Amino acid sequence: MTEQTVPPTSEAPQLTPEQAAQMQQEWVREQFQKANKFLAEKGVIPGKVLTDQSRYLVPYVAVWKMESSQPKKKQFWVISGDLPTDYVPADVAPSAREAIKHFSLTWQLKAENLIQSGAVKDPTQAKFANMLVSRAQSLYKMQQDEKLWGEQQA
């Protein structure tokens with residue numbers, strides 16, 4: 001699994017490398033549990049994670065390529081982190097980077113549909129639509145940033 005970590009800011013207390021690694025591992029574990037729970041709530045029983053294709057940027061986003069064991073064997077991209085947890089069939093994107101782009105575009109469309117339907121008259125829906133747009137824009141920027149992907153191809 002490829003791991004990226006955002007450098008600490010000057011306001012953050014300085015951690016030892018061991019503490020930082022432990023915090024990163026804990027965050028990744030939490031996101032993995034969140035992704036598993038989300039799939040289970042959708043009626044998909046996770047089987048295994050394809051770790052070589054999964055990616056994360058601590059503490060913002062994790063993109064997991066997961067294989068379900070039930071109701072039938074199928075692969076999914078699952079996204080979790082400081083954003084809504086969501087999933088799509090794996091065949092919509094060949095890589096984690098392209099899956100991020102897919103989620104970004106999908107969330108832009110969902111937000112636009114909420115706005116067009118008038119649902120944003122409800123303050124909760126308006127807040128959700130704004131969050132979708134904000135996170136979609138951030139995901140798109142991440143997907144475009146070559147420094148985050150290094151040698152990996154799209």
Side-chain angles (χ1 to χ4, degrees), residues 1-6 21-154:
M1 181 178 282
T2 299
E3 175 181 336
Q4 294 286 328
T5 305
V6 177
Q22 182 178 359
M23 287 179 69
Q24 290 170 13
Q25 289 173 352
E26 188 174 308
W27 184 87
V28 170
R29 187 172 35 258
E30 286 172 9
Q31 296 312 310
F32 176 69
Q33 291 169 347
K34 191 175 179 182
N36 273 303
K37 181 181 178 199
F38 181 80
L39 282 179
E41 289 170 352
K42 299 297 181 187
V44 176
I45 308 302
K48 67 177 181 177
V49 177
L50 304 170
T51 55
D52 61 325
Q53 297 178 55
S54 300
R55 303 286 182 265
Y56 48 89
L57 178 62
V58 177
Y60 301 110
V61 63
V63 182
W64 309 96
K65 189 166 191 183
M66 301 177 94
E67 194 171 272
S68 64
S69 59
Q70 293 178 5
K72 62 181 181 177
K73 198 170 188 174
K74 190 173 179 182
Q75 292 182 349
F76 297 95
W77 289 109
V78 185
I79 192 167
S80 62
D82 182 29
L83 39 73
T85 303
D86 203 352
Y87 79 117
V88 293
D91 59 6
V92 303
S95 67
R97 186 176 188 177
E98 289 301 312
I100 285 175
K101 184 177 182 180
H102 180 85
F103 283 114
S104 171
L105 298 174
T106 300
W107 291 355
Q108 288 278 12
L109 289 171
K110 285 181 183 179
E112 184 60 28
N113 288 339
L114 285 171
I115 293 165
Q116 293 299 321
S117 73
V120 291
K121 291 176 185 167
D122 173 0
T124 303
Q125 291 296 318
K127 186 176 178 182
F128 181 64
N130 286 334
M131 192 225 350
L132 278 178
V133 169
S134 168
R135 297 308 191 273
Q137 290 170 343
S138 295
L139 285 178
Y140 193 79
K141 287 177 187 170
M142 284 180 198
Q143 186 270 334
Q144 293 288 308
D145 189 344
E146 293 297 329
K147 289 179 285 195
L148 295 178
W149 301 98
E151 299 292 319
Q152 180 190 2
Q153 297 298 313

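These numbers were taken from a predicted model, which means no experiment stands behind them.
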Heavy atoms from other residues, nucleotides or ligands near CE of Met131 exceed 12 (cutoff 6.0 Å):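 More than 12 heavy atoms, drawn from other residues, nucleotides or ligands, come within 6.0 Å of this atom.
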Between [X] and [Y], is any pair of side-chain heavy atoms under 4.5 Å apart?
{"X": "Leu132", "Y": "Pro84", "value": "yes"}
{"X": "Lys65", "Y": "Arg55", "value": "no"}
{"X": "Phe103", "Y": "Val61", "value": "no"}

Considering only residues two or more places apart or on different chains, which pairs with a residue in residues 29-48 satisfy side-chain hydrogen bond (donor to acceptor under 3.5 Å, both in side chains)?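 Every pair satisfying side-chain hydrogen bond (donor to acceptor under 3.5 Å, both in side chains) with a residue in residues 29-48: Gln31-Ser80.
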To check you understand the geometry: which heavy-atom pair defines the closest contact between [X] and [Y], and what is its length?
{"X": "Ser104", "Y": "Ala136", "answer": "OG-O, 2.7 Å"}
{"X": "Pro46", "Y": "Ser69", "answer": "O-OG, 3.9 Å"}
{"X": "Ala99", "Y": "Ala93", "answer": "N-CB, 3.4 Å"}
{"X": "Tyr60", "Y": "Trp27", "answer": "N-CZ2, 3.7 Å"}

Spacing of [atom1] belonging to [X] relative to [atom2] belonging to [Y], to within rounding of 0.5 Å:
{"X": "Ile115", "Y": "Glu112", "atom1": "CD1", "atom2": "CD", "result": "5.0 Å"}
{"X": "Thr106", "Y": "Gln108", "atom1": "OG1", "atom2": "CD", "result": "10.0 Å"}
{"X": "Ser95", "Y": "Trp149", "atom1": "OG", "atom2": "CH2", "result": "7.0 Å"}
{"X": "Leu50", "Y": "Trp64", "atom1": "CG", "atom2": "CH2", "result": "12.0 Å"}
{"X": "Ile100", "Y": "Trp77", "atom1": "CD1", "atom2": "CH2", "result": "9.0 Å"}

Just do the side chain to side chain contact (heavy atoms under 4.5 Å, CB included) check on Arg97 and Met142 with the steps written out, would you? CA-CA 9 Å; Arg97 186 176 188 177; Met142 284 180 198; over 6 Å; no
Would Phe32 and Met66 count as a side chain to side chain contact (heavy atoms under 4.5 Å, CB included) if you check the C-alpha gap in whole Å, the side-chain angles of each, and the deciding distance to 0.1 Å? CA-CA 10 Å; Phe32 176 69; Met66 301 177 94; 3.8 Å; yes
With Tyr140, which residues qualify under ring-ring contact (aromatic ring centres under 6.0 Å, His included), at least two apart?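 If we apply the ring-ring contact (aromatic ring centres under 6.0 Å, His included) test to Tyr140, skipping adjacent residues, there are no hits.
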Does Thr85 use its side chain to pair, donor to acceptor, with the backbone of Ala35 at less than 3.5 Å?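 No: the side chain of Thr85 does not pair with the backbone of Ala35.
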For residues 76-92, pull every pair meeting salt bridge (charged side-chain N to carboxylate O under 4.0 Å, His left out), keeping only residues two or more places apart or in separate chains.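 Of all non-adjacent pairs touching residues 76-92, those that pass salt bridge (charged side-chain N to carboxylate O under 4.0 Å, His left out) are Asp82-Arg135, Asp86-Lys110.
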